[in-house]
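To keep things clear, I will list the structure first and then write my remarks on it.
We name chains A, B, ... by the order of the sequence lines, and we start the count at 1 in each one. Only heavy atoms go into these numbers, but all of them, side chains included; no hydrogens, no water, no symmetry mates.
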Amino acid sequence: MTEQTTPTAAPSLTEAPATPARDPAPTGRTQPPAGRPPILRVRDVSLRFGGVTALNGVTFSVEDGEFFAIIGPNGAGKTSLLNVLNGFYRPQSGSVELGEHALVGQRPARIASWGVARTFQNLALFEDLTVLENVVVGRHHLMRSGVIAGAFWWGRARAEEREARRACVPLLELTGLDPIAGALVRDLPYGVKKRVELARALAMQPRLLLLDEPVAGMNAAETDELAGWVQTVRRELGLTVVMIEHDMALVSKVAERVLVLDFGEVICCEPPEVAMRDPRVVRAYLGGGDDALVEEVAGQVADLAAERGPGAGERDQAGGEAGKAAGAAGAGRAAGENGEAR
Amino acid sequence: MTENLQILVGGIASGCLLALIALGFVVVTKSTGVLNLAQGGFVVLGCYLTYEGRQSWGLPFWLAVVVAAILTALIAAIIEATVVHPVALRGLYPPILVTFGISIVIPAVAAGIWTTYQLTLDDPWGLDKVGVAGLTIAQRDIAVIVVTLVVLALFLAFFRFSRLGLAMQAAASDPEAALAQGISDRVIHMTAWAMAGALGAVAGALLATTGGGGVRPGLETQALIALPVIILGGLTSPAGAVVGGLLVGVAQQFAVVRVPDVLGSGFHEVAPYLLMLLVLLVRPQGLFGSAEVRRI
Amino acid sequence: MSHHARKGFAAVAAAAALSLVAAGCAAQSSDDDDTPEGGATAAERELAAVPGFDPAAGVIKIGDILALSGPISATAKEQLVGQQIWFDKVNEQGGIAGKYKIELITEDNQYNPQLTVQAYQKIADEVVMLSGVLGSPSVKALIPLLDRTDALAVPSAQDPSFAKDPAVLPTFPSYQTNVTNAVSYLVSQDEKFKTARYCQLVMDSDWGIAVSEGVAWVTGKIGAPTGTIQKFAALDTAFTAQITALKNDNCEVVVFGGAANNLPSVVAAATQLDFQPQWIAEFIALATAFKTSDIAPYLTENMIFTGPGAKLDDESVEGIRNLLAGLGDTEITVQHVYGYMQAVATTTLLEKAVELGDLSGPGLRRAATELDSISFQGLGGDVTLGEPEERVLPRATTIYHYNPAAPSGLEAAAVGYQAPEGFDDHF
Amino acid sequence: MTSEAAAGPGASAPSAAGAAGGILVPRLTQSWRSRLFIVLGLALIVIVPTNVGSTYWLTVLNGVGVAAIAAVGLNVLTGYAGQLSLGQSFFVGIGAFSAQYFGGSLDLPMVLWLPLAGLLAAAAGGAVAPFALRLRGPYLAIVSLSLVFLGIYIARNIPSVTGGYNGTVVEATATLGPIDFERPTIGGLSFSREQGMFLLTWSVLAVVLLLVANIMRTRAGRAMQASRDHDIAAEVLGVRMLRTQVNAFVVASGIGGIAGALLAVNLEYIRPENFDVALAVQYLAIIVIGGLGTLFGPVLGALFVGLVPVLVDEISGSLPFMSEAGSDGLSTTDLTLILYGSLIVLFLTLEPRGLVQILRRTSVWLRSRRSPR
């Protein structure tokens, strides 16, 4: 059932950045490696709510077909960043470009029509519609018929409806939802609902898929299952994915690069095995602390990672620990940001 | 000038009555999230129970009002516990419609018990008046204003100082916060309805004084007039209900005499709604309401 | 066409086929009306059965549609009692033409025009006519239906537009007429009213418009100055603003167009502002409860009321005598008189229809044209009948002073007063 | 059957994606049973008026039909698009007075005045829709209520169209080509006005139901339901809120306008006060009692709200404790109101998802009894 990724080489301490203190400017590979063109460019984005700075000078880009993860403690600004990407929040400064489109200032619906799809941390399904109808909504921006054509069931509306449903069937099969296509979403278990959300996002035929903590609230088995689905569809459809996730095991298993946010600022952007041992990252998750403690935890994380290796089938202990640490550290902070609190 | 002041005082008195009814709406909406269409029913119960207290039990006016308020509060709490609570959390519509059903039943029951003849409460003020700085003010109007102030003070004290009041405030922003204090939402909802019942009853008794037109059927519709008030002030703001009530009361009185004929007949009836729409254009959450944050 | 569209067509076809099978029992063949031929010598002939009248049982059924629930049901019920008293009296004396008993069927319209139509549909096949339809809007809503079925109703309403409508049998003077008479009465009592300033405090409704028409006409006739017209809504309870405006306009006479639930608040505001003009109001503005309330002195001091009736304790008047006998211990009100008069109009018409030998709708309409007028046993002025366009509403109004000692607080000052100034044709 | 059980109690749709392309064509009906019901319903539109002679019952049923149309409209806005509205009687009023204006004053035929009434109301709905975007829940409810008061105020002040306070007799004629619904004749048999009106009213209801069903199975209707269930998710999926809102308001008020036009010809006399708050609340009661966001909910709700008072009235005449007409005490209408109000409370407490849900459960229960596993 579950897709197994090839375990990446065990990370080594030597790859860790030399400077442990937080740099004023983000370091690491915020630019994608040469070769593949970037599909998403985020430049110097700052977002404030009243007096609270949610994002501060965030810059990075994502290459075509990349699996990109964003991590950070609670309240770091991850979901805010996602909300900027799909137009739900409008940053005070900075630019976001998707291919040739400038996204800042556009309505979410418009951005969606340019191929940005998204899932939500807490389920955001249409509970009183069937699985199929939920997925067909994903094709909304690909369809044209209006209310009058629909009312009279005229040529285009009818053809479009059939076409839309036909196009959704492979997606339902891909996500294993085809046997329950006619079921009301309200009646489905949580894990299945997550899949529906994924299928719905895929129905948008996205160029860029944003996943907001896709495995939040899931147990290890469910996490693995969903990770499998995500890997499958990404491979099958050749998607570019940007994912927010607390589950370090999942991140290190699937992500090619990790952007670490803290207090709305980028503190590093590296492959996961590098980022997770970065003392700045550890410090961010601990919410401060002296150097000795940071060293100690970083060492533990590295040891655990080396011992178990990322990408193990079960929930990764190191990731789990880091996740818990993140939770504990984050809880003490003034979160002040919507949707971040679990 | 005197004329304007005179109209202003009249507007304040009728605004206070609106505020009392609106407070009944607000306390329920704030604490339980339900828009209570049965508030007009409490107005009806209040005036007829006061009448009953006066005529059948021979109580003095004030005592009759207090007894009526307590009885109405009890009835309201029982209604909440038996029929409203089971649906209170089932979306927006079922609770509104349940209260609509109740709003149909109460006046019909009252008509069956007390007939539809016009009755008199024999209140202590009658048509008495006092002269203040060149103005003449009806004693009943002064009573209305004083009662509103007292009720408002009691209201604020309850929310500020009592454990239940604090829990209700907490519950308004986060239902679990109240539970954490060991007070169940059942108690909070019943208390809110009891308060709404008492507020409606007091307003009903004051409405049914001689100066207000006497005890008569159809008083439940007075609650409809308070609807723009609660939106104007902000659905969950007691202060908004009072300010909104005063604004509407005063605006309506001036609309009666200060509006040119070109605006057509019946203008002062829609004036509260126009005022409400005007405020909403600027502040969609009302004067004192807090803006709703959209969450993902 | 697609698969299921064909199915839809099949469904419609099936429905049509079914309907043809089913059609029939509720349809009427176009030429089956066998209404009796009306003849001048019909008196001896046995009356034909019509809906609401069974010659074998000897009972004529009459409908009354009025507000038996809701805010004005108390007064409506008094009207019903008044009607029943006269019908009982007629039945006691043998019935219509000495042999047909009257039976009254009541329906509640809640003062709602839409429900009035529904209520009439319910009893239309059981009654020969309506002895009452409460409320001008309700009567207006019913007229198209009455016209279509050639039926007839007595309106419990005072809209002058009903005078010449063949669907209704008018009984009462219009509001316009009452106002005209009241003003004329004042002038006849005291010369000062000839030059007094006339203002109005009227409900924002068709009633208020009717009152205003009356005031405009009569003040024009006597040459009195007119002042402000203040309006209010039915639910208003605060009148300080309106009374302030009336007072500032130096109004000496104020015509009040409002109901009993408005009057106490108006008096309260007037007392508060020490405003004491001469008031004119309809009897509808009164409630019995006022006699024991604080507003009674003000009413006694400042108000006259218009309405039908006579001295309410004057047993020499036939109508009053019958009402008092029928009411027993219950205190007589003008609403009783009002209902009683509708009953008198109804029986007068029925007598004529029986005499003409036709109790059908068209027969009743014809009876109304054959009648010259109807008198009301001393309770009100005659209504002039005849062809619809010739009909004239009663012109006489009884003027009452307020007196808590009198029955229902009304003491007749002038019975059947008719303004010498005359009336506008369309009143 | 088995897959249905797996999908939960609420799912009645077929479940296998591959099964005979079942899901590829969004069908109006899912089973032969519901198809049978529809055929039966269409047949009743003709059978009822031709077999019911009582003008009273026909008048009651005509009222139910008109209310059902208006409620179907409101259901689009409130049930499907999730916007709580207490303003439907405003749009019904626009339809009613436009019917009289176009059909009566201007003497246009029904093929013009009926759609025009709908269009005018729809335009008004489209005009207020953007304001509703900013308001939620009870706020929108009360703001929409203000439409009703404003509507009455405006109507009173344009007497040339509405007759002002006096109202106006409706002169618009209900004829469609050779068919005169006010004096229908079929094969030499003539029918009463009430019978013709039943045919007209309930046929329009059937058409309106078909249109709404079509909307709800296609793009625009799905967008409404999506924005009801999760407005933010819908927006992120490319659903334009303003467009969806305008669509819902236009459809809802347009249907309301058509209901108003039919109400006008049914009543024959209309006045501004007809279209008051009580009517608006009644429409809301209808859709909630019937079942929000369901196709036939408004029809069931209208039958309930229209027939319960009438039936109680029929029964209460024989009850011993009722007061005589004219005397004090509990009147028939008061008893009716008490029972009607109590039934609303009872129904919503027992089944907040309405009569449709009760019917569904009953039929599931019946089927499970018939075929025990």
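Counting only N and O atoms by type, the side chains of T116(B) and S73(C) include a donor and acceptor under 3.5 Å apart.
Note: A241(C) leads A289(C), A260(C), A241(C), A234(C) in heavy-atom pairs under 4.5 Å with chain B. Between chain B and the options T244(C), T228(C), T75(C), the largest number of non-hydrogen pairs under 4.5 Å is found for T244(C). Looking only at heavy-atom pairs under 4.5 Å with chain B, the residue among S69(C), A268(C), G208(C) that has the most is A268(C). Contacts with chain B were tallied for I243(C), D236(C), T292(C), T288(C); D236(C) has the most, counting heavy-atom pairs under 4.5 Å.
For A111(B), no part sits under 4.5 Å from any heavy atom of chain C, backbone or side chain. Of the two parts of L224(B), neither the backbone nor the side chain holds a non-hydrogen atom closer than 4.5 Å to a non-hydrogen atom of chain C. Neither the backbone nor the side chain of L8(B) comes within contact range of chain C; no heavy atom of the residue lies under 4.5 Å from a heavy atom of that chain. Residue contact with chain B, scored on non-hydrogen atoms closer than 4.5 Å, involves the side chain of D204(C) exclusively. In this structure, the portion of D141(B) lying under 4.5 Å from any heavy atom of chain C is its side chain and not its backbone. If you measure heavy-atom distances from S14(B) to chain C, the contacts under 4.5 Å come from the side chain alone. Contact of Q242(C) with chain B is made through backbone and side chain together, with heavy-atom distances under 4.5 Å. The contact between E269(B) and chain C is made entirely by side chain atoms (from C-beta outward), counting heavy-atom distances below 4.5 Å. Neither the backbone nor the side chain of Q139(B) has a heavy atom closer than 4.5 Å to any heavy atom of chain C. No part of N262(C) comes within reach of chain B, as not one of its non-hydrogen atoms sits under 4.5 angstrom from that chain. In this structure, chain B has a heavy atom under 4.5 Å from the side chain of N248(C), while its backbone stays farther away.
At a threshold of 4.5 Å between non-hydrogen side-chain atoms, the residues E78(C) and Y117(B) count as touching. With contacts defined as side-chain heavy-atom distances shorter than 4.5 Å, the pair K77(C)/T115(B) does not qualify.
Atom-to-atom distance recorded for Q6(B):CD and Q272(C):CD is 5.5 Å, nearest 0.5 angstrom. Note: Q118(B) CD to F290(C) CZ = 4.5 Å, rounded to the nearest 0.5 Å. Here the straight-line distance linking atom CZ of F275(C) with atom OG1 of T136(B) works out to 13.0 Å at 0.5 Å rounding.
Remark: Q276(C) CD is packed, more than 12 non-hydrogen atoms of other residues, nucleotides or ligands lying under 6.0 Å away.
Under the 3.5 Å distance criterion, the side-chain polar atoms of Q222(B) are matched with a main-chain donor or acceptor of L235(C). Looking at S293(C), its side chain never comes within 3.5 Å of a backbone N or O of T120(B) through a donor-acceptor pair.
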Q: Could you go through the side chain to side chain contact (heavy atoms under 4.5 Å, CB included) check for F267(B) and K231(C) one step at a time?
A: CA-CA 10 Å; F267(B) 179 80; K231(C) 294 187 176 169; over 6 Å; no
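For V267(C), the side chain to side chain contact (heavy atoms under 4.5 Å, CB included) partners two or more places apart in sequence, or in a different chain, are L127(B), L263(C), T271(C), I295(C), Y298(C), L299(C).
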